[in-house]
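Just so it is clear, the model here is predicted, and its values are computed rather than measured.
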There are 2 protein chains.
Amino acid sequence: MSDLLERLRGRGWRMTSQRRVVAEVLAGDHVHLTADEVHGRAAQRLPEISRATVYNTLGELVSLGEVLEVSTDGRAKRYDPNAHQPHQHLVCSQCGTIRDVHPVGDPLDDLPAGERFGFTLAGAEVTYRGLCPACTQNPA
Amino acid sequence: MSDLLERLRGRGWRMTSQRRVVAEVLAGDHVHLTADEVHGRAAQRLPEISRATVYNTLGELVSLGEVLEVSTDGRAKRYDPNAHQPHQHLVCSQCGTIRDVHPVGDPLDDLPAGERFGFTLAGAEVTYRGLCPACTQNPA
DNA sequence: ATGGTTGCAAATTGTTTGCAACTTG
DNA sequence: CAAGTTGCAAACAATTTGCAACCAT
């Protein structure tokens, strides 16, 4: 969790107030926020933080492998602080919220040799789609 | 292949030259093109076609269920003409090539009830990642 | 002090929309 | 002929970038 801060410092990441706030926003909540939502929450604590800095910081966290970028179709990318544990995503088709889920079994087992076309497989991502409880009760 | 055109006409889709060209571009090649690439290829045959029309047409084909929208990267959406048969995607992490694959079993079966969080599930997409044969022999 | 970092605003990229002119059935 | 379509340009949304001021180390 907040050894995220430790880890970053340990990697020689220069710690500024804006970077700390961004990291804290991500670590503090297990939802998957858009860049703009991260900016909004960060700005509650540090009103002068700019969107550009949030974007830059998120981009760095992603390339450091500390945060995952989740691109749900079309809409804004969301950022997943849970990069250390393998998991899949359950996405609401209506409002776009994302939950982490842990399916049983390895998706790679479902791809027969004859369907691998000579690829060296590294992994698989599964996106489950449906309506969240709120949107199920209140469809578009 | 181009019973796509037939099907669309059968649905009462008003056939114009620009719509025909877009549908032909999609049906003619089994790669997954971006909207801009579709526009580029369509414009080779029909130079005056506008981007807006291509976007509108693609959007209609998607909502008619004749074409699938695939967001592979955070970048531009790609359009998959193979909507009539369920399939998943195998993406090369290095060069970005996409192949259609057909895994066995239903991914939904791998998500236990306790991991569904009250969602009404509609389906699942699987993206297999790895290196294609060419990139396996010639890694970055 | 010095080089990485920030903020601003403007540039980019991808996509949608308003509306008048134009086709298709 | 009527209603659906097109093209243009401008609006939009998400994200990136150039550059001068700034501040962790």
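Distances shown here put every side-chain N or O of A/Gln18 at or beyond 4.0 Å from the OP1 or OP2 atom of D/dC23.
Distance alone, capped at 3.5 Å, places no donor-acceptor pair between the B/Thr53 side chain and the B/Ile49 backbone. At distances below 3.5 Å, not a single donor-acceptor pair connects side-chain atoms of A/His39 with backbone N or O atoms of A/Val22. Using a distance-only test at 3.5 Å, with no hydrogens or angles considered, no donor-acceptor pair links the side chain of B/Asn138 to the main chain of B/Ala134. At least one donor-acceptor pair under 3.5 Å links the side chain of A/Arg116 to the backbone N or O of A/Leu111. In terms of modelled atom types and a separation under 3.5 Å, the side chain of A/Glu115 and the main chain of B/Pro103 share no donor-acceptor contact. Using a distance-only test at 3.5 Å, with no hydrogens or angles considered, a donor-acceptor pair links the side chain of A/Arg11 to the main chain of A/Leu64.
Residues satisfying the side chain to side chain donor-acceptor pair (under 3.5 Å) test with B/Arg45, not counting sequence neighbours, are B/Glu24. In this structure, the side chain to side chain donor-acceptor pair (under 3.5 Å) partners of B/Arg129, at least two apart in sequence or on a different chain, are A/Glu125. Scanning for side chain to side chain donor-acceptor pair (under 3.5 Å) contacts around B/Arg41 gives B/Asp29, with sequence neighbours left out.
Ring geometry for A/His87 against A/His102 counts as tilted: the plane angle lies between 30° and 60°, on a 0 to 90° scale.
Nearest nucleotide to the side chain of B/Thr53, out of C/dG7, D/dG7, D/dT5: D/dG7.
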For nucleotides 16-25 of chain C, just jot down a letter per nucleotide in 5' to 3' order: B, S or -, based on protein non-hydrogen atoms under 4.0 Å.
BB-----BBS
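For the pair A/Ile49 CD1 and C/dT5 C1', the interatomic distance rounds to 12 Å; values are reported in whole Å. The CG atom of A/Leu8 sits 17 Å away from the P atom of D/dA24 (whole-angstrom rounding). The distance between atom CG of B/Leu58 and atom P of D/dT5, rounded to the nearest whole Å, is 15 Å. To the nearest angstrom, C1' of C/dT15 lies 11 Å from CG of B/Asp36.
When each of B/Arg19, B/Arg9, B/Arg7 is checked for a salt bridge (charged side-chain N to carboxylate O under 4.0 Å, His left out) with B/Glu66, only B/Arg7 meets the rule.
Residues from residues 39-47 of chain A lying near DNA chain D, meaning a heavy-atom separation below 4.0 Å, are absent.
Where the helix from C/dT12-D/dA14 to C/dG25-D/dC1 starts and where it ends, the local axes point in directions that differ by 30°; five pairs per end, rounded to 10°.
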